Student: 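Handing you a structure now.
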Number of protein chains: 4
Amino acid sequence: MTESTGRRRGDDLERAIFEATLEELAEVGYANLRMEAVAARAKAGKASLYKRWADRAHLVRAAARYQATAVETAFEPSGDLRGDLFKVMTFIANYQGGPYGEAIRGWVGELGASPADEAVAEELRTRIELPRIRIFAKILEHGIAQGTVRPDALRPRIVNLAPTLLTHYFLTRGHAAPAQVIDEMLDQIVLPLVAAD
Amino acid sequence: MTESTGRRRGDDLERAIFEATLEELAEVGYANLRMEAVAARAKAGKASLYKRWADRAHLVRAAARYQATAVETAFEPSGDLRGDLFKVMTFIANYQGGPYGEAIRGWVGELGASPADEAVAEELRTRIELPRIRIFAKILEHGIAQGTVRPDALRPRIVNLAPTLLTHYFLTRGHAAPAQVIDEMLDQIVLPLVAAD
Amino acid sequence: MTESTGRRRGDDLERAIFEATLEELAEVGYANLRMEAVAARAKAGKASLYKRWADRAHLVRAAARYQATAVETAFEPSGDLRGDLFKVMTFIANYQGGPYGEAIRGWVGELGASPADEAVAEELRTRIELPRIRIFAKILEHGIAQGTVRPDALRPRIVNLAPTLLTHYFLTRGHAAPAQVIDEMLDQIVLPLVAAD
Amino acid sequence: MTESTGRRRGDDLERAIFEATLEELAEVGYANLRMEAVAARAKAGKASLYKRWADRAHLVRAAARYQATAVETAFEPSGDLRGDLFKVMTFIANYQGGPYGEAIRGWVGELGASPADEAVAEELRTRIELPRIRIFAKILEHGIAQGTVRPDALRPRIVNLAPTLLTHYFLTRGHAAPAQVIDEMLDQIVLPLVAAD
DNA sequence: ACTTAATCGAGACGGTACGTCACGTCTTTGC
DNA sequence: GCAAAGACGTGACGTACCGTCTCGATTAAGT
């Protein structure tokens, strides 16, 4: 094994810090996250954190990327349009209910603080939206092939609609959307919009 | 006279603090808002702030309510569905581009930090969503009466859809939605969903 | 009675404030004396305090004068030199053990804080030393007349020696001198110095 | 070298804080001493002060001990009793005229504030009195050997008499005793008391 | 295997802002 | 018209974290 004796270095250490960050996020939320608490939980020195990330915001974004990579999923449409959409939306909602959600909240909370945030927002978009767009696009393409989905449903703003609703719910409610809310989003908004007439 | 000599008290003082808060929000954003800076700008003591609001989050929420009250608008639908929706959405977007938007961002950023946040989220919902729902409902009702809007467009999740899109854009982009984006939201999502057959 | 109805004024009020000051001094000491606590205990407004005395130091000195006046005692030498000295020293020590002692401590503690302290020190001297000098001088004069005391014992520095020892003990020990210590002061220092050979 | 680059630690820092404390004491006195002013003058953070000493009183006492240690003097009696006493008393008076005197004043001013002051008074006694007692005892022993001093002059209360007079003068006058006053103390009190008949 | 340089855990440090407390001033209200 | 009550601007308090830096101890890489 790589972590045989005592002191961790390089990627081992980085992983341990990410895990500690995500645990802290889950326990106290982004607004109450303390660099010292992360360092202590990871049994690392503060300098080891600041050597890698400039501040709390950078650390949390990196931790979010880390977890996103760790859980990135392959998904294959089953052909049941509503079922597939519900399944993916539930997966995203569950995700938002954990530390990843708190990371996103912090990410969003810091936006607008400085002029250099354009790049940060850009990364939030490509890092968070793009993977989801691909999954939803795949589901919709499948539906289009079956004739159950309108062809123009592939425009980005529509493909990203379901995650937009979920994220907005999570951000403004303080917790992830429950199943019943996902049902309503599907039946009242997403399906009427994409279903072939 | 009410403000004869020097020192402000009660509502006068409260107003001055709110103005200072909103100016600071506009300049440095919620994440960099300092109670001492607000106090200094308002020429008030910190104790006068803490006597009224428990912490930064409470102050900012109160300031958001203050401004909301100050700018609350009457709006009368003109009969042009798309024009009315565009007009109101533009108004909201402009609003989000100012200090009020930063207040919302901070409000959202602090959610999930403590178990007592349910009440805060509840207020965010009733304080922010409800007034907007009324305006959009009025527009949609007008459209229903004209036959240009489907009757079931009055369900809350749909009525609140346009603000949801605007808020999500503002929160995740770091700036309010420009006119072109509002156009796309309308043409790709809102109008297809609410328009009669 | 003078305090029939409700609100006190002038001397009545002043007396009540002095009493409150002395009680606070006895309970918490000069270093922990708070103007607000005095006002609250006296059921007076803070403005009523500041109208009369510039600050804590002035109030406490005034309270010390008040109590000194209130307890100023006539003393007639009995002819027993040691007994008389012991009696008066014990009386002074008892006095120092109460709020008056704490007032003196505060008085002393503030000296040297500003250049204008010369007058304060001057008053401390005339207010505290002079009355005691008179008493001790009377005792010593009586002894001189009896031939038990050396004639040159009337020099101020000697007349004031016993109070000096008591005050120094109180200030540096934190409590008034007990009887045994007074005995030693008398037998080792004061009596050998003033007794006729 | 030990102090290669920039930041001070441990004893270096402690010394710098003591120096700053003594300078502040000399300039503004104990009653106007501010922890923030000391920290600023020492170019240290407030936390570095509070990590070492619980409050202003502890800091000042520690600074007094530091200076006492720094200036602790060896003294060898010359054989001229009055000259030796005058010399040492002048030295003490000079000392009281500086920051050390203000430290003592503060020390005294805080006594009686809490029940735990017994230990503080105890330390004041051993820290301040004992070293001086040793010097005066040495002078008196020398005089006893020469036959110019009475053997019973070595009792503690007598040995400490001269410092007691000096300290009392300093505390109640606001400034250290000038030479003329020391002369009177010697000629009227100390010498008559200890001189062999 | 044995330096040697890099990296780590630990935590002291200078600093900033926190939220609290008491100051001394001022306004309001009631007697 | 003065007193009580207490709100206010001010500023120091003592605390909590920040981000930087120093110190030994540990460890991987080069000899």
Side-chain angles (χ1 to χ4, degrees), chain A residues 4-10 12-13 16 32-40 42-56, chain B residues 2-10 12-14 16 32-40 42-56, chain C residues 5-10 12-13 16 32-40 42-51 53-56, chain D residues 2-10 12-14 16 32-40 42-56:
Chain A
S4 55
T5 56
R7 191 166 288 182
R8 303 146 303 170
R9 301 174 63 145
D12 273 354
L13 177 57
N32 296 113
L33 186 73
R34 306 283 166 249
M35 296 298 269
E36 305 201 335
V38 172
K43 293 191 187 311
K46 282 196 291 178
S48 298
L49 272 65
Y50 284 105
K51 177 160 296 183
R52 292 171 168 76
W53 307 281
D55 56 22
R56 186 174 68 141
Chain B
T2 52
E3 198 164 346
S4 55
T5 58
R7 192 170 290 182
R8 301 149 304 170
R9 299 175 63 145
D12 274 353
L13 177 57
E14 206 146 313
N32 296 111
L33 186 73
R34 304 284 165 248
M35 296 297 267
E36 304 203 332
V38 172
K43 294 191 187 314
K46 281 197 292 177
S48 297
L49 273 65
Y50 285 105
K51 175 161 295 187
R52 293 172 166 74
W53 307 280
D55 54 24
R56 186 174 67 142
Chain C
T5 58
R7 191 164 290 179
R8 303 146 303 172
R9 300 171 65 148
D12 273 353
L13 177 55
N32 295 112
L33 186 74
R34 304 285 164 250
M35 296 298 268
E36 304 200 335
V38 173
K43 292 192 187 314
K46 282 198 290 178
S48 299
L49 272 66
Y50 286 105
K51 175 162 298 185
W53 307 282
D55 56 22
R56 186 175 66 142
Chain D
T2 52
E3 199 167 345
S4 55
T5 56
R7 191 169 292 180
R8 302 149 303 169
R9 299 174 62 143
D12 274 353
L13 176 57
E14 207 146 311
N32 295 113
L33 186 74
R34 304 283 166 250
M35 296 297 267
E36 303 203 333
V38 173
K43 293 191 188 311
K46 281 197 292 176
S48 297
L49 273 65
Y50 285 106
K51 177 160 296 186
R52 291 171 167 76
W53 307 282
D55 55 23
R56 186 174 66 140

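In what follows, chains are A, B, ... by sequence order, proteins preceding strands, each numbered from 1. Just so we're clear, the structure is a prediction, and the values are computed from it rather than from any experiment.
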Student: Both Ala42(D) and Ala44(A) contact DNA chain E. Which one's nearest nucleotide lies toward the 5' end?
Tutor: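 Nearest nucleotide further toward 5': that of Ala44(A).
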
Student: What I'd like to find out is whether the side chain of Trp53(D) reaches to under 4.5 Å of the side chain of Glu14(D), using heavy atoms alone.
Tutor: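 They are in contact (side-chain heavy atoms under 4.5 Å apart), so the answer is yes.
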
Student: Would you call Arg52(A) and Leu13(A) a side-chain contact if the rule is heavy atoms closer than 4.5 Å?
Tutor: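 Of all side-chain heavy-atom pairs linking Leu13(A) with Arg52(A), at least one is under 4.5 Å.
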
Student: Round to a whole Å and report the spacing from CG of Asp12(D) to P of dC23(F).
Tutor: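 Distance, rounded to whole Å: 11 Å.
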
Student: Would you mind reporting whether Arg34(B) and Asn32(B) have side-chain heavy atoms less than 4.5 Å apart?
Tutor: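 Yes, side chains in contact.
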
Student: In B/S/- notation, 5' to 3', how is nucleotides 16-22 of chain E contacted by protein heavy atoms closer than 4.0 Å?
Tutor: -SBBBBS

Student: Search all heavy atoms of Ala42(D) against all heavy atoms of Ala16(D) and return the closest pair with its distance.
Tutor: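 Reported closest heavy-atom pair: CB-O, 3.9 Å.
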
Student: May I ask you to verify if any side-chain N or O of Arg52(A) is less than 4.0 angstrom from the OP1 or OP2 atom of dC8(E)?
Tutor: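 For dC8(E), OP1/OP2 do have a side-chain N/O of Arg52(A) under 4.0 Å.
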
Student: Rounded at 0.5 Å granularity, tell me how far CE in Met35(B) sits from CZ in Arg56(B).
Tutor: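 One finds 9.0 Å between CE of Met35(B) and CZ of Arg56(B).
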
Student: For dA12(E) and Lys51(D) - does any side-chain N or O of the residue sit under 4.0 Å from the phosphate oxygens OP1/OP2?
Tutor: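 For Lys51(D), the contact criterion (side-chain N or O under 4.0 Å from OP1 or OP2 of dA12(E)) is met.
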
Student: Look at Ser48(B) and dG9(F) and indicate whether a side-chain polar atom (N or O) is within less than 4.0 Å of OP1 or OP2.
Tutor: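 For dG9(F), OP1/OP2 do have a side-chain N/O of Ser48(B) under 4.0 Å.
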
Student: To the nearest Å, how far apart are Leu49(D) CG and dT15(F) C1'?
Tutor: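 My rounded result for the distance is 14 Å.
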
Student: Please give, in whole Å, the distance from dC18(F) P to Trp53(A) CH2?
Tutor: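 These atoms are roughly 15 Å apart.
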
Student: Report the distance from atom CZ of Arg8(A) to atom OG of Ser48(A), rounding to the nearest 0.5 Å.
Tutor: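 OG of Ser48(A) is found 8.5 Å from CZ of Arg8(A).
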
